[in-house]
Amino acid sequence: MINQSNPEPDADQSLEAQPSPPEGDLHLRFYLPSGEELALPATGIREVLSPAPERITPMPNTSPRLLGVLNLRGQAIWVVDGGQLLGDLTPLNTDRAELSVVAIEDQDVIVGLAVEGIIGMDWLNLDQIHPCTAAPITMAAFLRGEWRQDPKPPLRLLNPTAMIRLGRWAA
């Protein structure tokens, strides 16, 4: 309530009107073709892109999980099928108008992860992360942990630095 003699709001009301600060760190949530939902820390993401599939130039004699190269403002970045990289058995459907590509970065290396879809950004508390249970062996090297969301499946947190440095995207 505003006091007529004092145009500033009451202290109690101004505290109530202010949203509480978010807890945790900002993460991008996305899903693979199989429907599995994963998260990446925002600090490891360069940007999220929606290129047309024809903007990705296929490269001969490379890994089948490598979709090709994308020109990102004059810089060539490798684009990999994120699901195949993580061991998802359902292939990414590239026969559509736009792909969802998450460009992850470590030092000067940028790799684009093509995923089925982007869910959005969410604040997730790292204090509530648990060691991964029953994670596929193909994904284990890229995981930092998981949030348990009973009754839903756990939300797994990926380590973008490990994804780039292990180099399985190019092999």
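Since the model is a prediction, treat every value here as computed from it, not as a measurement.
With hydrogens and angles ignored, the 3.5 Å screen pairs a side-chain donor or acceptor of Asp88 with a backbone N or O of Ser34. A distance-only check finds a donor-acceptor pair linking the side chain of Trp147 to the backbone of Asn125 [under 3.5 Å].
The CD atom of Glu116 lies 9.5 Å from the CG atom of Asp81; values are rounded to the nearest 0.5 Å. The SG atom of Cys132 sits 13.0 Å away from atom CZ of Phe142, with the distance rounded to the nearest 0.5 Å. To the nearest 0.5 Å, atom CZ of residue Phe30 and atom CD1 of residue Ile119 are 9.0 Å apart. To the nearest 0.5 Å, atom CG of residue Leu49 and atom CD1 of residue Ile77 are 6.0 Å apart. Taken to the nearest 0.5 Å, the CD1 atom of Ile129 stands 4.5 Å off from the CG atom of Leu157.
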Query raised in the report: Checking salt bridge (charged side-chain N to carboxylate O under 4.0 Å, His left out) for the pair Arg156/Glu36: CA distance, chi angles, key distance, verdict?
Result: CA-CA 9 Å; Arg156 294 188 173 122; Glu36 182 172 3; 2.7 Å; yes

Query raised in the report: Stepwise, does the side-chain contact (heavy atoms from CB on, under 4.5 Å) test hold for Val80 with Leu113?
Result: CA-CA 5 Å; Val80 65; Leu113 299 176; 3.4 Å; yes

Query raised in the report: Would Val111 and Met163 count as a side-chain contact (heavy atoms from CB on, under 4.5 Å) if you check the C-alpha gap in whole Å, the side-chain angles of each, and the deciding distance to 0.1 Å?
Result: CA-CA 9 Å; Val111 175; Met163 296 177 81; over 6 Å; no

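Taking both residues in full, the closest heavy atoms of Ala76 and Val69 are given as CB-CG1, 3.5 Å, listed atom of the first, atom of the second, then distance. Arg96 and Asn93 make their closest contact through NE-O, 3.0 Å (heavy atoms, listed as atom of the first residue, atom of the second, distance). Looking at every heavy atom in both residues, Ala114 comes nearest to Leu92 through CB-CD2, 3.4 Å. Scanning both residues, Pro91 and Pro33, for their nearest heavy atoms gives O-CB, 3.7 Å. The shortest non-hydrogen separation linking Ile118 to Tyr31 is N-CE2, 4.4 Å. The two residues Ala39 and Leu124 come nearest to each other via the heavy atoms CB-CD1, 4.2 Å.
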Name each donor-acceptor pair under 3.5 Å that joins a side chain in residues 97-109 to protein atoms two or more places apart or in another chain, with its distance.
| residue | atom | partner | partner atom | Å |
| --- | --- | --- | --- | --- |
| Glu105 | OE2 | Arg46 | NH1 | 3.2 |
| Asp106 | OD2 | Arg165 | NE | 2.8 |
| Asp106 | OD2 | Arg165 | NH2 | 3.2 |

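Both Ile45 and Met121 are members of a single hydrophobic cluster when ILVMFWY side chains are connected at heavy-atom separations under 4.5 Å. Residues Val115 and Leu155 do not share a hydrophobic cluster, clusters being chains of Ile/Leu/Val/Met/Phe/Trp/Tyr side chains in contact below 4.5 Å.
Dense packing is recorded around CG of Leu126, with more than 12 heavy atoms of other residues, nucleotides or ligands lying under 6.0 Å away.
Residues Arg144 and Leu158 are not in side-chain contact: their nearest non-hydrogen atoms beyond the backbone lie 4.5 Å or more apart.
For the side chain to side chain contact (heavy atoms under 4.5 Å, CB included) test with Leu38, the passing option among Glu146, His27, Met139, Arg29 is Met139; the others fail.
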